[in-house]
Amino acid sequence: MNMKSFMKKVDIEKLKGTDFQKKVWRVLLQIPKGEIITYKELAIKIGRPRAARAVGNAVGANPFPIKIPCHRVICSDGKIGGYSGKGGVKTKRALLKKEGVIML
DNA sequence: CGCCGAAGCTGCC
DNA sequence: GGCAGCTTCGGCG
């Protein structure tokens, strides 16, 4: 297998950020297309089930909000949390819809 | 069901 | 050292 095909995204490890952030971004990139996750689930995945808020900050602090499926992360209520990126929550909803994720 | 306040975690000034 | 933030939970009406 070609390693090049594997690195279709950006190397988070190469980016500047804390261990916590890198972990969060890594999980985001491991999320399959059309799949979403809550901040809480994400926090639990990285080992900080009580750091849902911190996770939100890390996700929104990523250097490439376009290459990072930050829009795949939603509230535990199944609603869109927020979006510090361009367009705001509006863009987030649009991206989710494009991905095939329909919100009720 | 909707609103309010408090809690636990990180990153930055 | 302290504040604010893409949240979460519990209690109350």
Side-chain angles (χ1 to χ4, degrees):
Chain A
M1 338 172 174
N2 292 338
M3 223 192 253
K4 293 194 274 191
S5 303
F6 230 78
M7 296 165 57
K8 50 195 196 176
K9 296 277 187 203
V10 184
D11 266 290
I12 351 177
E13 305 249 348
K14 193 174 157 184
L15 297 172
K16 186 173 86 32
T18 66
D19 185 51
F20 185 78
Q21 274 222 325
K22 286 198 246 174
K23 221 166 188 162
V24 175
W25 303 339
R26 184 66 66 117
V27 177
L28 289 176
L29 294 167
Q30 74 147 23
I31 298 175
K33 184 187 158 209
E35 193 72 43
I36 57 176
I37 181 170
T38 65
Y39 291 103
K40 202 176 159 183
E41 291 283 305
L42 203 61
I44 293 166
K45 267 187 180 245
I46 63 176
R48 292 265 138 22
R50 303 283 161 221
R53 232 202 229 146
V55 170
N57 278 329
V59 173
N62 84 66
F64 293 107
I66 319 301
K67 293 192 149 124
I68 309 264
C70 50
H71 51 269
R72 283 189 195 150
V73 189
I74 59 169
C75 276
S76 64
D77 295 44
K79 294 170 173 56
I80 309 290
Y83 194 73
S84 298
K86 180 192 157 182
V89 191
K90 211 177 146 148
T91 304
K92 191 168 176 172
R93 264 194 296 182
L95 285 162
L96 282 168
K97 206 196 269 184
K98 277 174 189 258
E99 293 274 308
V101 180
I102 304 162
M103 299 170 290
L104 297 173

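On a predicted model such as this, the values are computed, not experimentally measured, just so you know. Reckoned from all heavy atoms, side chains included, excluding hydrogens, waters and symmetry mates. Reminder, nothing fancy here: chain letters follow the sequence lines and each chain counts from 1.
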Requested in this report: Figure out the CG/P separation between L42(A) and dT10(B), and round it to whole Å.
Outcome: 14 Å
Measure all distances between protein nitrogen or oxygen atoms and nitrogen or oxygen atoms of nucleotides 8-11 of chain C, and list the pairs falling under 3.5 Å.
| unit_1 | atom_1 | unit_2 | atom_2 | d |
| --- | --- | --- | --- | --- |
| dT8(C) | OP1 | S76(A) | N | 3.0 |
| dT8(C) | OP2 | S76(A) | N | 3.2 |
| dC9(C) | OP1 | K40(A) | NZ | 2.3 |

Requested in this report: Measure the distance from CG on N57(A) to C1' on dG8(B) and round it to the nearest whole Å.
Outcome: 13 Å
Query - Atom NZ of K23(A) with >12 non-hydrogen neighbours under 6.0 angstrom - result: no
Report task. Check the distance between dC1(B)'s C1' and K79(A)'s NZ and give it to me in whole angstrom. Result -> 10 Å
Query - Atom pair distance, as rounded to whole Å: CD in Q21(A) and C1' in dC12(B) - result: 11 Å
Query raised in the report: CD1 of I80(A) versus P of dG5(C): gap in Å, rounded?
Result: 20 Å
Query raised in the report: Just how far is it from atom NZ of K67(A) to atom CD1 of I12(A), taken to the nearest 0.5 Å?
Result: 13.0 Å
Requested in this report: Would you confirm whether D11(A), through its side chain, and E13(A), through its main-chain N or O, come within 3.5 Å as a donor-acceptor pair?
Outcome: no
Query - Separation of dT10(B) P from K23(A) NZ (nearest whole Å) - result: 11 Å
Query raised in the report: Side-chain heavy atoms under 4.5 angstrom apart, residues restricted to Ile, Leu, Val, Met, Phe, Trp, Tyr: same cluster for F20(A) and I37(A)?
Result: yes
Query - Backbone of G82(A) reached by a side-chain donor or acceptor of K92(A) within 3.5 Å - result: yes
Query raised in the report: Should I36(A) and I80(A) be regarded as members of a common hydrophobic cluster, given that ILVMFWY residues are connected when their side-chain heavy atoms come within less than 4.5 Å of each other, either directly or indirectly?
Result: yes
Requested in this report: For the residue pair I31(A) and L28(A), establish whether any side-chain heavy-atom pair is separated by less than 4.5 Å.
Outcome: yes
Report summary line: Pairs under 3.5 Å (Watson-Crick or G-U), crossing ones as [ ], inter-strand ones as |: DNA chain B comes out as |||||||.|||||
Requested in this report: Return the value, rounded to whole Å, for the distance between atom NZ of K16(A) and atom C1' of dC12(B).
Outcome: 10 Å
**Report entry** More than 12 heavy atoms of other groups within 6.0 Å of R72(A) CZ
**Finding:** yes
